[in-house]
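Report on the structure given below.
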Amino acid sequence: MGGADGRQRLPLATGRGIVTVLAVLPLVLAGFVVGYGVGTEGGRFGDAVREAWEGGEGTVDHRPLAASFTATGVEGRAPDAPTVLPVGYSDDLGIAVAHLQFAVDETTVRPAHTAELRLPVAVPPDSEGMTVEVASVHPVSCLCSLTAATAPPYGRVWDAVEVNAATTEIVFDVTGAINAPGRYGFAVTSPDRKAYLELEGAEYNTGPALRTVSEPDAPTGPPPPTAPPTDPWLPPTLPPASTDTPTEPPSGTPTEPPTGAPTDPPSDLPAPTDTPAPSTALPSPSASPSASPSPTGPPSGPPVLPVDPAGSPVPSAIPGLPAAEPTEPQPESGQSEDQLSVCSTGDKLIPTCGALVGVAPAAHTSRVKEDELLAFEERVQHTQQIYHAYERGDARLFPTDAQIALTEDPERPRTLFINWKPRMASWAEIAAGDPEVDDYLDRLAAHISANFDKPFFFTVHHEPENDVIQRDGSGMEAADYAAMFRYVVERLRSHGADNLVSVMNYMGYLKWVEKPWHDQLYPGDDVVDWIGLSGYGQSLHDDGRSDFGEIVDQTKGDTAWPGFYHWIAKEHPGKPMMLAEWGVFHEEEYPDHQTAVFEAARYQMAHYPRLKAIVYFETPSDSNGGRNSEIHLDDGALEAFRDLMRSPFFDVRLE
């Protein structure tokens, strides 16, 4: 058999059902080739974007150019026409991420528009609630290059919803993602490590759709919108996914087109009640009418995995870990070209895609920290873009000359994360304007303004939970901390240190989140740029079984705490997340524990598109029992950490 009609179907067992996929072909489908023939080398999505971005037909459901998935438990490239798109974790697939790509042109979308990603659910989760997120990703030129190891790093997270067993369709607000004609890629993920669902594929020209609603009276010539929303990270989230929206997409024209487009992404975008006009976007990459529905029972024997075009088996890898190397990203039009072809830092040091890496080297030692940073980089064979340094009281001004020198190496771009702990007064006294602290802050601001003009991370009294004295008049109550943080950041910025990027750095021990005063610690969105967490392997229990996901999103017993990642997504969706400190302790009783966590981190990053920086805390003896988090005590752990650093997630250019 040959061509599109000769594709072999390969069953893959999943944790909840059966995913029926098509084997990968040497050549992609005709529609897929057509879709990727536009937008490059002077194509209609290229240089003429400003002139062409003036058409639009009201409401249009764009069908995907490609709809596939990657899975960390599958050593092979993405299938080209799966009947369903798995999302979440299953024992058979590992971590599954759905990938969707669309073409938007001047005939279907105008500058004033809204956009929804509408995803019918084929198999809902059997859990009470499952969080699902959508992020922009760089479109790939061919599904043959898309694997779990080479999947493009996540860009901005646009929306998150909670789904349950009654959900029939997931609707995401992605208005801010569409800012010009071009090709757009989206990744649909879940941070839930024990939840799984299946979305409908695009096999019958149904299933996923990008619905755009354009304002009827198009402008006569202004350029396409390119400025980001007021929020520097992402728009408000939609309410929980609908449980009664019909899975068949509309196909006509609304009788009353929208009268205007909102300035900011709306918080609620109900589907039009009438049927919109048929899409003029490029066809779905697959429309095989001979496809059979998913079987109702699991197949016998192990799943059949794809092979390369020559028939050779895909190289093996560590179980659960992808093995392929990344391919060169392709240029794109619109936002994709501007932000996702190469991952780089933008406003507030937020990466356009991927995540930064850093280290606090030789902590709790008298060694020269700047020298230890260079030694750490040599060991892990990767530049640490964030140097985490700790300053106390008013002993000296920062950044120091040695710290600044580390940021001036053009071959190894770095920034600073200065962690300042005031000791001259209580939190309440600082917030009230303590003269000694004010004098130091003013001198510090002048020093920064005169000597260091690059953006850098900054936090005040990190991990404050341990120092809260929740008693009237103590000056160290949770609300006093929030007021102090605000006062310090505002005073420094108003006196010239406007290049500091503020980080609210929480302690990862879960006993604190149960305190009634925990929410009072937060200083406010206007003075917090990032939310950081200090998390360590074995924070919950010293049994050698905790992993990277437990560090990022710990829960505990029957507590209502959803985990820090879930909490940030729900309470502070406009903020990127940082592991401001993370580490794994070497334990003689569990000699392979570090290796296991570092290996897990490499693929568990697929769960966390909001995680935009990880900073390792390296110490031979921590303050809690003298535990050692150095990574070079075991050859296996060191190599696993090097593999982690080589992940495409961390291929970010520091601007």
Supply the atom-to-atom distance [X] [atom1] to [Y] [atom2], rounded to the nearest 0.5 angstrom.
X: M130; Y: K194; atom1: CE; atom2: NZ; result: 14.0 Å
X: F649; Y: I614; atom1: CZ; atom2: CD1; result: 10.5 Å
X: D173; Y: T114; atom1: CG; atom2: OG1; result: 7.5 Å
X: S341; Y: H138; atom1: OG; atom2: NE2; result: 5.0 Å
X: T167; Y: E162; atom1: OG1; atom2: CD; result: 9.0 Å
X: H566; Y: E571; atom1: NE2; atom2: CD; result: 13.0 Å

Inset, instruction - Among D192, V132, V188, find the residue that satisfies the side chain to side chain contact (heavy atoms under 4.5 Å, CB included) test when tested with L197. - result: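 Of all the options given, the one that passes is V132.
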Between [X] and [Y], is any pair of side-chain heavy atoms under 4.5 Å apart?
X: I95; Y: Q604; answer: yes
X: P152; Y: L146; answer: yes
X: T212; Y: H62; answer: yes
X: F186; Y: F102; answer: yes
X: V121; Y: E200; answer: no
X: V123; Y: V84; answer: no

Donor + acceptor pair across side chains of [X], [Y] (<3.5 Å):
X: N179; Y: Y184; result: yes
X: D105; Y: T107; result: yes
X: T189; Y: H607; result: no

Heavy atoms only: give me the nearest [X]-[Y] pair and the separation to one decimal.
X: T147; Y: R77; value: CG2-CA, 3.5 Å
X: V137; Y: A187; value: CG1-CB, 3.7 Å
X: L85; Y: P208; value: CD1-CG, 4.1 Å
X: W158; Y: S136; value: NE1-OG, 2.6 Å
X: G354; Y: K612; value: O-CD, 3.2 Å
X: D553; Y: P562; value: OD1-O, 3.9 Å

Legend entry - Residues in side chain to side chain contact (heavy atoms under 4.5 Å, CB included) contact with A135, at least two apart in sequence or another chain: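 For A135 the side chain to side chain contact (heavy atoms under 4.5 Å, CB included) partners, ignoring immediate neighbours, are Y154, V157, P609.
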Inset, instruction - Could you tell me which residues satisfy side chain to side chain contact (heavy atoms under 4.5 Å, CB included) with S68, sequence neighbours excluded, listed by chain and number? - result: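 So S68 forms a side chain to side chain contact (heavy atoms under 4.5 Å, CB included) with A78, P79, P82, L143.
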Inset, instruction - Could you go through the side-chain contact (heavy atoms from CB on, under 4.5 Å) check for L93 and Y196 one step at a time? - result: CA-CA 10 Å; L93 292 177; Y196 175 85; 4.0 Å; yes
Legend entry - Salt-bridge present (R193, D547; N to O < 4.0 Å): yes
Legend entry - side chain to side chain donor-acceptor pair (under 3.5 Å) assessment of H113 paired with T175: CA-CA 7 Å; H113 68 274; T175 300; over 6 Å; no
Legend entry - Exam field: side chain N164 to backbone G129, donor-acceptor pair closer than 3.5 Å: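 The answer is no, because no donor-acceptor pair under 3.5 Å joins these two groups.
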Legend entry - Heavy-atom donor-acceptor pair, T352 side chain to L340 backbone, under 3.5 Å: no
Inset, instruction - Please identify each residue that fulfils side chain to side chain donor-acceptor pair (under 3.5 Å) with E133, with sequence neighbours left out. - result: Y565, R610
